[in-house]
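To keep things clear, I will list the structure first and then write my remarks on it.
The figures here come from the full heavy-atom set of this structure, side chains too, leaving out hydrogens, waters and symmetry mates. A note on names: the letters A, B, ... follow the listed sequences, proteins ahead of strands, and every chain is numbered from 1.
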Number of protein chains: 4
Amino acid sequence: MQYLKEEIRNNIIAAALEEFTKKGYQDASMRVIASNAGIAIGSVYRYFKNKDELFNSIVDPIYTSFTSMILELYQTEGVISRMHSIAKEITDKVMEFYEEHEAILLILIDKSKGSKYENIKEELIRLLNYRLKNELGPIFKETGVKLQDEYILYVVAASFIEGFFMIINKYKNLSMMKEMINQLLIVYFDDFHKRFQ
Amino acid sequence: MQYLKEEIRNNIIAAALEEFTKKGYQDASMRVIASNAGIAIGSVYRYFKNKDELFNSIVDPIYTSFTSMILELYQTEGVISRMHSIAKEITDKVMEFYEEHEAILLILIDKSKGSKYENIKEELIRLLNYRLKNELGPIFKETGVKLQDEYILYVVAASFIEGFFMIINKYKNLSMMKEMINQLLIVYFDDFHKRFQ
Amino acid sequence: MQYLKEEIRNNIIAAALEEFTKKGYQDASMRVIASNAGIAIGSVYRYFKNKDELFNSIVDPIYTSFTSMILELYQTEGVISRMHSIAKEITDKVMEFYEEHEAILLILIDKSKGSKYENIKEELIRLLNYRLKNELGPIFKETGVKLQDEYILYVVAASFIEGFFMIINKYKNLSMMKEMINQLLIVYFDDFHKRFQ
Amino acid sequence: MQYLKEEIRNNIIAAALEEFTKKGYQDASMRVIASNAGIAIGSVYRYFKNKDELFNSIVDPIYTSFTSMILELYQTEGVISRMHSIAKEITDKVMEFYEEHEAILLILIDKSKGSKYENIKEELIRLLNYRLKNELGPIFKETGVKLQDEYILYVVAASFIEGFFMIINKYKNLSMMKEMINQLLIVYFDDFHKRFQ
DNA sequence: AATGAATGAGCATTCATTCAT
DNA sequence: GATGAATGAATGCTCATTCAT
């Protein structure tokens with residue numbers, strides 16, 4: 001029965017994916033998931049202890065490697081001298097993730113409210129912010145730019161991430177997606193420091 | 001006593017603020033609000049007709065002045081191409097709903113799912129997007145810029161709004177807030193069309 | 001303060017009368033009564049222990065004399081030889097009551113559901129039924145009428161009472177009321193026994 | 001198991017019947033029904049979507065056949081002036097919804113306040129009143145009868161309906177029921193116009 | 001004495017979770 | 001193992017009654 005079990009488990013996960021994507025963690029219905037998986041509600045609880053654990057088992061592997069990727073990116077040092085490049089490095093990595101995990105990443109980012117993952121987006125923002133701050137520092141110094149409040153960089157990071165995931169969400173065609181993200185990078189970060197002069 | 005006790009009303013609002021912030025409109029519990037306000041559940045309903053009205057009375061003043069501010073702002077002609085000149089106008093308007101902004105604005109924007117305000121952010125985005133499209137159109141034509149996909153403007157509008165609210169929520173000091181919004185406008189829109197060349 | 005108290009008590013009773021008439025015992029609102037009496041809700045409870053007792057103090061005197069009237073009418077013996085006359089005797093007495101108590105009698109009869117008086121109408125029906133049965137017996141015997149089931153008399157009594165109170169409810173003009181009841185008596189009871197031949 | 005357990009459904013209906021009879025639609029408690037049915041409150045909602053639907057599924061079949069019966073009956077011409085001839089027709093129709101009548105019919109007629117059926121009795125009365133007026137008109141004219149107030153016909157209609165339901169509710173034996181209704185028709189309508197001369 | 005704010009048991013309904021079959 | 005009926009705590013809300021002022 002090992003084979004059958006695996007298949008059912010996958011059905012549940014597929015149905016859960018759909019339901020979490022449509023309604024988010026909190027509003028997702030276990031009954032709908034069971035029904036879409038073609039099994040009885042009681043059976044879902046044989047495979048997953050509860051709603052929380054079902055969500056976690058879908059999202060946790062991606063969460064884990066996503067956060068470790070973030071950590072790694074924190075540690076990449078000053079290779080890059082332009083905002084555009086910093087952001088591009090990060091978005092390229094996230095895109096790699098997306099290509100591999102698609103729906104799950106999107107759930108993790110935008111549909112995890114109420115779960116323990118609801119802060120993942122903020123962590124990503126903090127990464128970008130950290131990198132922007134650290135690596136723009138010298139450039140700003142060099143060009144005599146003085147920020148009144150570094151929070152502006154955090155805001156830029158956050159809103160860029162927002163825009164980034166909007167594009168990820170919108171396009172199914174991967175090359176279009178990349179094109180758009182590229183454009184977004186330009187709009188956001190090209191000659192970034194000059195805007196403060 | 002002709003009027004209800006202001007202190008209790010304030011307790012309810014404080015408890016509601018906390019609960020709405022923590023759980024969002026939909027998941028907020030009237031019982032929890034009552035309990036945190038130190039009163040019986042029935043008493044909440046002496047002060048506010050129902051959950052909806054409790055939410056509205058917290059959120060509506062901010063909603064109203066905020067949307068009218070945004071509307072006014074974007075009916076001003078030539079706004080986008082000379083962002084500097086309107087920065088002051090915007091920041092002045094922001095003053096109007098500043099006093100109570102903190103948690104309330106956060107709730108309005110991010111915790112209003114299930115209430116009549118749930119689309120407020122999107123409406124603002126659409127408005128800004130519309131203005132961007134209309135007013136940048138001639139400039140783009142003139143300068144030979146051709147967008148591959150106008151969705152990029154929607155993304156820019158959405159992420160600007162995101163950033164805008166982040167700033168609004170962050171600062172208690174009004175002049176700092178103005179300053180930051182001014183800066184955000186520059187980062188986003190200064191020589192905007194040139195980024196596409 | 002004795003005088004003032006009496007006046008307030010009367011105001012409450014007047015307001016209660018109106019509310020009980022409009023909504024019936026069960027659906028009547030203590031708040032509405034207090035408000036229409038021009039006093040605070042708490043004060044109603046100084047004059048009447050609870051809703052039940054308020055209702056009772058309005059209705060009980062009428063109930064008591066009404067039932068004792070019914071009892072009396074049970075004991076009036078065979079004075080009357082025609083259905084019409086039996087019913088007329090009863091309705092005349094009830095009309096006397098009505099002239100004296102108007103709204104209260106109507107509340108007692110039709111708006112007392114949920115209170116301990118809810119069966120008063122049935123008692124009246126039973127009286128009429130009893131009288132019809134007893135006094136028609138000889139006439140039926142004489143004329144060779146044989147009822148298959150005496151319940152028909154109960155039904156006639158009940159529906160007559162129903163019609164009687166419909167008329168009482170409908171007309172404000174007393175002579176019109178009497179006229180109509182007279183007509184109803186004819187329709188119901190004139191040559192009553194002949195209908196069974 | 002494709003269908004819900006018939007036995008539990010019947011328990012719910014039995015408990016609901018008892019509760020609706022005792023308290024009427026509005027005051028009936030779903031909790032009490034659940035408890036008397038020996039199940040949890042949540043379970044009632046597996047069998048019936050809500051209180052309304054529980055009430056409807058009990059009452060609607062009777063409502064439907066009853067109203068259609070009455071409608072049919074009074075589209076038959078010449079009904080009123082020759083009541084005898086239609087007595088059989090009526091009693092035959094009554095048979096159709098006899099089996100489940102008892103408590104249900106009582107509920108429909110007298111305990112449905114607050115539900116969509118609350119006006120059923122009045123509708124029937126109006127219908128009968130309309131037919132009485134229309135079909136007695138020519139007869140009255142012919143025989144020179146002049147009513148002082150047509151409301152008397154409404155009262156007759158109303159009290160007849162009252163008596164009709166009393167009989168329906170009283171008898172379990174169908175032929176007795178027919179017999180009684182037949183008798184009631186005679187008492188009410190035989191040589192009806194002559195009573196006004 | 002009078003007030004009316006406060007109370008809390010009660011209502012219908014939902015849904016994640018359990019458990020007898 | 002699988003099922004889905006059963007559970008019951010929790011929800012928003014009402015209103016007769018109480019009680020501090």
Side-chain angles (χ1 to χ4, degrees), chain A residues 1 4-5 8 26-35 37-54, chain B residues 1-5 7-9 23 26-35 37-55, chain C residues 1 4-5 8 26-35 37-54, chain D residues 1-5 7-9 23 26-35 37-55:
Chain A
M1 289 277 158
L4 253 186
K5 269 175 82 170
I8 291 174
Q26 219 161 174
D27 293 343
S29 156
M30 292 297 273
R31 268 185 180 74
V32 169
I33 290 170
S35 151
I39 60 166
I41 175 65
S43 303
V44 176
Y45 286 84
R46 186 156 290 281
Y47 291 84
F48 303 93
K49 198 183 145 209
N50 52 34
K51 191 181 178 178
D52 219 69
E53 206 167 85
L54 170 57
Chain B
M1 204 178 290
Q2 189 129 23
Y3 46 87
L4 300 175
K5 268 209 304 218
E7 190 193 335
I8 291 175
R9 209 189 126 91
K23 312 234 196 88
Q26 213 162 193
D27 293 339
S29 159
M30 292 298 272
R31 270 179 183 76
V32 169
I33 290 169
S35 151
I39 59 171
I41 175 65
S43 301
V44 177
Y45 289 86
R46 275 197 77 74
Y47 292 83
F48 301 94
K49 202 182 142 210
N50 51 35
K51 190 181 180 180
D52 221 69
E53 206 170 84
L54 171 56
F55 189 73
Chain C
M1 288 277 154
L4 252 188
K5 269 175 79 172
I8 291 174
Q26 219 161 173
D27 293 343
S29 157
M30 291 298 273
R31 266 185 182 73
V32 170
I33 290 169
S35 152
I39 60 167
I41 174 66
S43 302
V44 177
Y45 287 85
R46 186 157 290 281
Y47 291 84
F48 303 94
K49 199 183 146 207
N50 52 35
K51 191 180 178 179
D52 220 70
E53 208 168 83
L54 170 56
Chain D
M1 205 180 285
Q2 186 128 23
Y3 47 86
L4 301 174
K5 267 206 304 207
E7 189 192 338
I8 291 176
R9 209 189 126 92
K23 311 235 195 89
Q26 214 162 194
D27 293 339
S29 159
M30 292 297 272
R31 273 179 182 78
V32 169
I33 290 170
S35 151
I39 59 171
I41 176 63
S43 301
V44 177
Y45 289 85
R46 276 198 76 75
Y47 292 83
F48 302 94
K49 201 181 143 211
N50 51 34
K51 191 182 180 179
D52 220 70
E53 204 168 86
L54 171 57
F55 189 73

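- Across all their heavy atoms, B:A34 and B:V44 have their closest contact at CB-CG2, 3.5 Å.
- If you measure from atom CD1 of C:I33 to atom P of E:dG4, you get 17 Å, rounded to the nearest angstrom.
- Mapping B:K23 and D:G38 onto DNA chain F by nearest heavy atom places D:G38 at the nucleotide closer to the 5' end.
- Residue B:F48 contributes atom CZ, which lies 15 Å from atom P of F:dT14 at whole-angstrom precision.
- Side-chain contact between C:R46 and C:I8 is absent, with no heavy-atom pair separated by less than 4.5 Å.
- Between C:Y47 and E:dA1 there is no side-chain polar atom (N or O) within less than 4.0 angstrom of OP1 or OP2.
- Shortest non-hydrogen contact noted between B:Q26 and A:D27 is NE2-OD2, 3.8 Å.
- Once rounded to the nearest 0.5 Å, the distance linking CG of A:N50 with CZ of A:F48 reads 11.0 Å.
- Partners of A:K49 by side-chain hydrogen bond (donor to acceptor under 3.5 Å, both in side chains), not counting sequence neighbours: none found.
- At distances below 3.5 Å, not a single donor-acceptor pair connects side-chain atoms of A:K5 with backbone N or O atoms of A:Y47.
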How does protein contact run along nucleotides 13-21 of chain E, one letter per nucleotide 5' to 3', with B for base contact, S for sugar-phosphate only, - for none, heavy atoms under 4.0 Å?
BBBBBB---

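- Comparing the start and finish of the helix from E:dA2-F:dT21 to E:dT21-F:dA2, five pairs each, the helix axis swings through 30°, to the nearest 10 degrees.
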